Chemist: 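I have a structure here, written as structure tokens, and I will follow up with some questions on it.
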Amino acid sequence: MRSFAVISGENALAQQFTNLRADARASSFLLAQQMLGYFTLSTNPSNTQTLTLTINGTAVVFTFVNSIGSTSGNVLIGASATATVANLLALLNQPQTTTATGVALSAANQTLVSYLSYATPTGGTTLYVMSNSTNLYAPITSFSASTTASSDSWTSQTMQLYVHAGTVYVNGTRVLWTGGSTPTVTAPSTHPRIDVLAINSSSTLAWTTGTEAASPSAPTYPTDQIPICELYNVVGETALYDFDDQQSNQGYIYTDVRAFLGQIANWGAFVDSIIPNSNNAIALGSASKQFSAIYGATIFQNGAAIASTKFGGTGTDGALSISSGTTTINCSSASYLEKNYSSISITGSTGTLAFSTPNTTTGTVLALRSQGNVTITSTATAAINTTGLGGGLGSGSSPFTTGNQNDGAGGGGAGSTSGPGSQGDSLANFVGGFGGVMLPALSPLTRISLPGGNGSTGGGSSGGSGGTAGAGSGGLYIECAGAYNFTGTINASGGNGGNGTGNGVNGGGGGGGGAGGNVLILYSTLTADSGTYTVGGGSGGSGAFGGGNGGAGANGSTYRAINNYHA
Amino acid sequence: MSLIIDPQTNERVYELCCHCGEKGGEIRFPENHGRDSDQALEQELNTIYSHTCDQHTQQVIQ
């Protein structure tokens, strides 16, 4: 659309007439305007029949003719009523120009017809007549119209507005409004009232009626519609004008509320991000007005992607590729650490993925989810290393002591999914630490893998200290929504318990061994699963000089299967 | 470690590098990675990942 802005106070020159016309054209987009009535010209007029506009007491006569001639106001009769009305409209809009279908009006009549606007929506046979008067310039003092054309007629209608053509988007639906009149307005009965005119996605104009009051307020705008104007109605009104105070005791257009930004908000055509004006302040929907569904490739909440139930995860942590060296993920003491990759690749001769800073109380569960392939072909000693991340369930208990015994009993080994940990060796008066409990077996339904427990420290003695506890290994879950290709090594072994120390006569007990970790792997397709899973429990440490030996940690286990359980 | 932009794909590439500068891998993100900015993404990754090359991994073990 071409639109030249006409600035307030600007002196327009004759050569700027096209600019003025273009500016007016743009501003008439869905413009509501005072209507005077309309001609119904569905029957093609006959030769010499007339249409008359009586403006300020002067009759401006248009004569329909078979041959155009040269008489001012002649309009050529076309092949159809529609064609004849088009000829008439052309002369009304260009009354100073003689063409093959219309003869120019006198200078005085040109001025009179310029006080009005004319429209035939969709090129039809209904000719609407609107007033151009405003509170700044209102040259019309009287108006009437008539026609002698057979079966055609003039209808005076001043309780409707005319809305000019325009195109809007209403909730993503393109609405092509070709112009036309509004529903008829009913005058209020006791007090003034404000109504709102709006158009909906079905291209229908409708009034939302306000409440009558001495000082009325506009009603709530209708939802899912584009508002056009507010109309101020008064008791006894018989016409609707364009502006306040234009005519006393008559209704008028109170406010032009066309929301141009809203009209072009075609969400289907948005190409830029939509960002609120401040952080954590703007809601999308509300508790009482919710969206029925939100679609998106990835939806985030507080920086983390949600919709996490989908097999393979969200991919929000990118595509991980390690070709050499050791990449370490900081667990930040989390008991559960989940990474959502789009793919995982650990290759080369040294590529390793390791973890640090586990939760020392509960151990750490690791979940590596991948939307695509998981390739672990690194020939490093451990392509993935989860040792030292165990604890919590399955940990061995400490041996019984009295505080200053000669020799210490053995620490308890840790339990895991394959069984409980072994009890540490008991002495005459001191019971060795009990082994940790057996953990629940891995299941493809749970999508979680518990870490192996830690062993316990061996019992101390007067001759030396008990051995250190062996650390369990973390639990590892790999979820692969692509092809799983594993030829490397995953090290999830439990740590050995430390040996007790002594003085050559007496000594402490050995520490309990840590349990092996557990590895659960689900994949969509399988390329290879020929690698090595090291999930053995750690051995118990040896007691020194009479101290008891620590119990061994239980082995962990693995469960690898094609995913038949999760969408 | 730093985040760079792949000029061919506009992907954000976080290079897994040892403190000595040797690169041992990368993490690739799409241009629309869901964080407020590239800087926010880089800061997030710096708190999670570290990397050592083979030589410096061996030194740590010894």
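Computed from a prediction, not measured in an experiment: that's the story for all the values here.
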Chemist: How long is the span from the CD1 atom in B/Ile27 to the OG atom in A/Ser342, to the nearest 0.5 Å?
Modeler: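 Interatomic distance, B/Ile27 CD1 to A/Ser342 OG, rounded to 0.5 Å: 10.0 Å.
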Chemist: In Å, rounded to the nearest 0.5 Å, how long is the span from CG of B/Asp54 to OG of A/Ser324?
Modeler: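 Answer rounded to 0.5 Å: 5.5 Å.
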Chemist: For B/Asp36, does the CG atom sit with more than 12 other heavy atoms under 6.0 Å from it, leaving out its own atoms?
Modeler: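 No, the 6.0 Å shell around CG holds no more than 12 heavy atoms from other groups.
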Chemist: Is the closest basic N to carboxylate O distance between B/Arg35 and A/Asp317 below 4.0 Å?
Modeler: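 Yes, B/Arg35 and A/Asp317 are salt-bridged.
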Chemist: Tell me, for B/Leu16 versus chain A, whether the close heavy atoms (under 4.5 Å) come from the side chain, the backbone, both or neither.
Modeler: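 Interface part for B/Leu16: side chain.
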Chemist: Highest number of heavy-atom pairs under 4.5 Å with chain B: which of A/Leu320, A/Thr352, A/Thr347?
Modeler: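 Winner by heavy-atom pair count: A/Leu320.
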Chemist: Give, for atom NE2 of B/His33 and atom OG1 of A/Thr316, the distance between the pair rounded to the nearest 0.5 Å.
Modeler: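 So the gap between those two atoms works out to 9.5 Å.
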Chemist: For the OG atom of A/Ser323 and the CD atom of B/Glu26, what is their distance to the nearest 0.5 Å?
Modeler: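 Nearest 0.5 Å value for the OG-CD distance: 8.0 Å.
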Chemist: Between A/Asn330 and B/Tyr49, is a side-chain contact (heavy atoms from CB on, under 4.5 Å) present by the stated rule, with each step listed?
Modeler: CA-CA 6 Å; A/Asn330 187 339; B/Tyr49 295 97; over 6 Å; no
Chemist: Once side-chain hydrogen bond (donor to acceptor under 3.5 Å, both in side chains) is applied, do any residues pair with A/Asn491, and if so which ones, sequence neighbours excluded?
Modeler: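 Checked A/Asn491 against side-chain hydrogen bond (donor to acceptor under 3.5 Å, both in side chains); matches are A/Ser493.
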Chemist: Any idea which of B/Ser50, B/Ala40, B/Gly25 has the most non-hydrogen atom pairs under 4.5 angstrom with chain A?
Modeler: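 Option with the top pair count is B/Ser50.
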Chemist: Does B/His51 offer a backbone N or O that forms a donor-acceptor pair with the side chain of A/Thr327 under 3.5 Å?
Modeler: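 Pair absent, no side-chain N/O of A/Thr327 close to backbone of B/His51.
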